[in-house]
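Right, one structure below, let's go through it.
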Protein chains: 2
Amino acid sequence: MSHEHVDLRSRLRDSGLRLTPQRELILAAVDRLGHATPDEVLAEVRQHSSAVNASTVYRTLEVLEELGLVRHAHLSDRAPTYHSVTDHEHFHLVCRNCGRIVSVGPDMLQPVTDRLRDEQAFVVDVGHLTVFGTCVECPGEQA
Amino acid sequence: MSHEHVDLRSRLRDSGLRLTPQRELILAAVDRLGHATPDEVLAEVRQHSSAVNASTVYRTLEVLEELGLVRHAHLSDRAPTYHSVTDHEHFHLVCRNCGRIVSVGPDMLQPVTDRLRDEQAFVVDVGHLTVFGTCVECPGEQA
DNA sequence: CTGCTTGCAAAAAGTTTGCAAGGCA
DNA sequence: TGCCTTGCAAACTTTTTGCAAGCAG
């Protein structure tokens, strides 16, 4: 009944695809989680409703990404993390020591994206970008 | 007999590790290949000499990275790629359409790394950075 | 009804690990 | 000789795929 619901249905239909409970559940889970791996999405869905198969999660995340409703980034050397595309485009900072993840707006990158476009004829996909590094003074939880 | 050889041996010894033919072969393969996945490194080593085990490749790349002789970046959503650290630090541009990979010096990022340090107290690991996007006019091999 | 979707199970891809034999220093 | 390294095989994690049954439109 929400606007998201209607939006998802129409986006799917425009591509000749169908609205299923699984697809609604998975999109809702991604929304709630913020940044989550397919595995975490699966666990979240199962917690809020009936069981869904892992392969359905993979296939659905792929569909949702093609529709532009979610995006993924690589916030670790392991599994990718998906997030919903409700907010503005942003990229991520990841601290290798404390694991802190910060979202940063595209403005910060402007000088770089401009130069890459002019000098390398290259258009940056800002939303997929993950910048690894370390906090100057970090909580030092991990590593 | 090369300087690399001596350098590798001494670096290993400084950490209480040993120089083995496998470690020389794997480092040499990474040097020749430029950017290569563990799998590609394995194939290259086998082509130039006797068989080496896959697990040895993984273990050796890990050791070489700890010693600072190689680095890895994620140039695809699949396996990581390793490159030797002979040249200056650089980051990578990857075109999703044609697969082109371009190495870019750290200067390009200066404005961003400066701002992230000042505004987010975050020090960027430039060498690990991979920037995905598309060439303005690309050969259009893949996708 | 039509054919897109799902669940299931198996396969694939990439990586890790335990352990005994081997070899560098 | 000591113990770091390797090979081998098995286990593991994450993702993909084929196929028949299920369900949205």
Side-chain angles (χ1 to χ4, degrees), chain A residues 5-30 35-46 49-67 69-70 72-82, chain B residues 5-30 35-46 49-67 69-70 72-82:
Chain A
H5 181 123
V6 174
D7 194 40
L8 175 56
R9 161 168 268 138
S10 54
R11 293 246 203 173
L12 286 165
R13 293 201 58 176
D14 290 347
S15 298
L17 304 176
R18 295 171 185 173
L19 179 64
T20 64
Q22 287 91 335
R23 285 177 175 165
E24 288 184 288
L25 290 165
I26 289 168
L27 180 54
V30 171
H35 299 104
T37 61
D39 212 55
E40 293 165 341
V41 171
L42 178 61
E44 174 72 8
V45 169
R46 285 183 170 161
S49 71
S50 62
V52 168
N53 195 275
S55 56
T56 300
V57 172
Y58 283 104
R59 287 188 281 225
T60 298
L61 289 173
E62 192 179 345
V63 166
L64 295 178
E65 185 151 36
E66 280 165 7
L67 295 180
L69 297 173
V70 304
H72 82 273
H74 302 274
L75 303 187
S76 80
D77 283 0
R78 292 243 163 226
T81 60
Y82 288 78
Chain B
H5 181 123
V6 175
D7 193 40
L8 175 56
R9 162 167 268 138
S10 54
R11 294 245 202 172
L12 285 165
R13 294 202 56 176
D14 290 348
S15 297
L17 305 175
R18 295 171 185 174
L19 179 64
T20 64
Q22 287 91 335
R23 287 176 174 166
E24 288 184 288
L25 290 166
I26 290 168
L27 180 54
V30 171
H35 300 103
T37 62
D39 213 55
E40 293 166 341
V41 171
L42 178 61
E44 173 73 8
V45 169
R46 284 183 171 161
S49 71
S50 63
V52 168
N53 195 275
S55 56
T56 300
V57 172
Y58 284 104
R59 287 188 280 226
T60 298
L61 289 173
E62 193 178 346
V63 167
L64 294 177
E65 186 151 36
E66 280 165 7
L67 295 180
L69 296 174
V70 305
H72 82 273
H74 301 275
L75 304 187
S76 81
D77 283 358
R78 292 240 163 231
T81 60
Y82 287 79

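Worth knowing before you read on, the calculation uses all heavy atoms, side chains too, and leaves out hydrogens, waters and symmetry mates. Lettering follows sequence order; numbering is per chain, from 1.
- A:Glu40 is linked by a salt bridge (Lys or Arg N to Asp or Glu O under 4.0 Å) to nothing, counting only residues two or more places apart in sequence or in another chain.
- The main-chain N or O of B:Val57 is never found under 3.5 Å from a side-chain atom of B:Thr60 such that the two would form a donor-acceptor pair.
- A distance of 12.0 Å separates CZ of B:Arg23 from CZ of B:Arg9, quoted to the nearest 0.5 Å.
- When atom types are taken as modelled, the side chain of A:Ser15 and the backbone of A:Leu17 share no donor-acceptor pair closer than 3.5 angstrom.
- Separation of atoms CG (B:Asp14) and CG (B:Leu67) is listed at 9.0 Å; rounding is to 0.5 Å.
- Evaluation of the side chain to side chain contact (heavy atoms under 4.5 Å, CB included) rule for B:Ala73 yields B:Leu75, B:His92, B:Thr130 as partners, not counting sequence neighbours.
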Contacts under 3.5 Å, N or O only, protein and nucleotides 21-25 of chain C:
unit_1 : atom_1 : unit_2  : atom_2 : d
C:dG23 : N2     : B:Arg18 : NH1    : 2.5
C:dC24 : O3'    : B:Leu19 : O      : 3.3
C:dC24 : O2     : B:Arg18 : NH1    : 2.9
C:dA25 : OP1    : B:Leu19 : N      : 3.3
C:dA25 : OP2    : B:Arg9  : NH2    : 3.2

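- Bounding nucleotides for the chain A contact on DNA chain D, 5' to 3', at a heavy-atom distance below 4.0 Å, are D:dT14 to D:dG25.
- End-to-end axis angle of the helix from C:dC1-D:dG25 to C:dA25-D:dT1, from C1' rotation axes over five pairs per end: 40° (rounded to 10 degrees).
- To the nearest 0.5 Å, atoms CZ (B:Arg18) and CZ (B:Arg13) are separated by 10.0 Å.
- Listed in residue order, the members of residues 52-61 of chain B having a heavy atom less than 4.0 Å from DNA chain C are B:Ser55, B:Tyr58, B:Arg59.
- In this structure A:Glu62 satisfies the side-chain hydrogen bond (donor to acceptor under 3.5 Å, both in side chains) test with no other residue, sequence neighbours excluded.
- Legend: residues meeting side-chain hydrogen bond (donor to acceptor under 3.5 Å, both in side chains) with A:Asp39, ordered by chain and number and at least two apart, are absent.
- The side-chain hydrogen bond (donor to acceptor under 3.5 Å, both in side chains) test applied to B:Gln22 returns no partner, not counting sequence neighbours.
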Mind running side chain to side chain contact (heavy atoms under 4.5 Å, CB included) on B:Leu69 and B:Val63 for me, showing each step along the way? CA-CA 9 Å; B:Leu69 296 174; B:Val63 167; over 6 Å; no
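- In this structure, the side chains of A:Leu61 and A:Val30 come closer than 4.5 Å at one or more pairs of heavy atoms.
- To the nearest 0.5 angstrom, B:Leu27 atom CG is 9.0 Å from B:Leu12 atom CG.
- For A:Ser49, there are no side-chain hydrogen bond (donor to acceptor under 3.5 Å, both in side chains) partners at least two apart in sequence or on another chain.
- Under the side chain to side chain contact (heavy atoms under 4.5 Å, CB included) criterion, B:Arg46 pairs with B:Leu42, B:Ala51, sequence neighbours left out.
- Residues of residues 37-44 of chain B that place a heavy atom closer than 4.0 Å to DNA chain D do not occur.
- With the nearest nucleotide of DNA chain D identified for both B:Gly16 and B:Ala51, B:Gly16 has the one nearer the 5' end.
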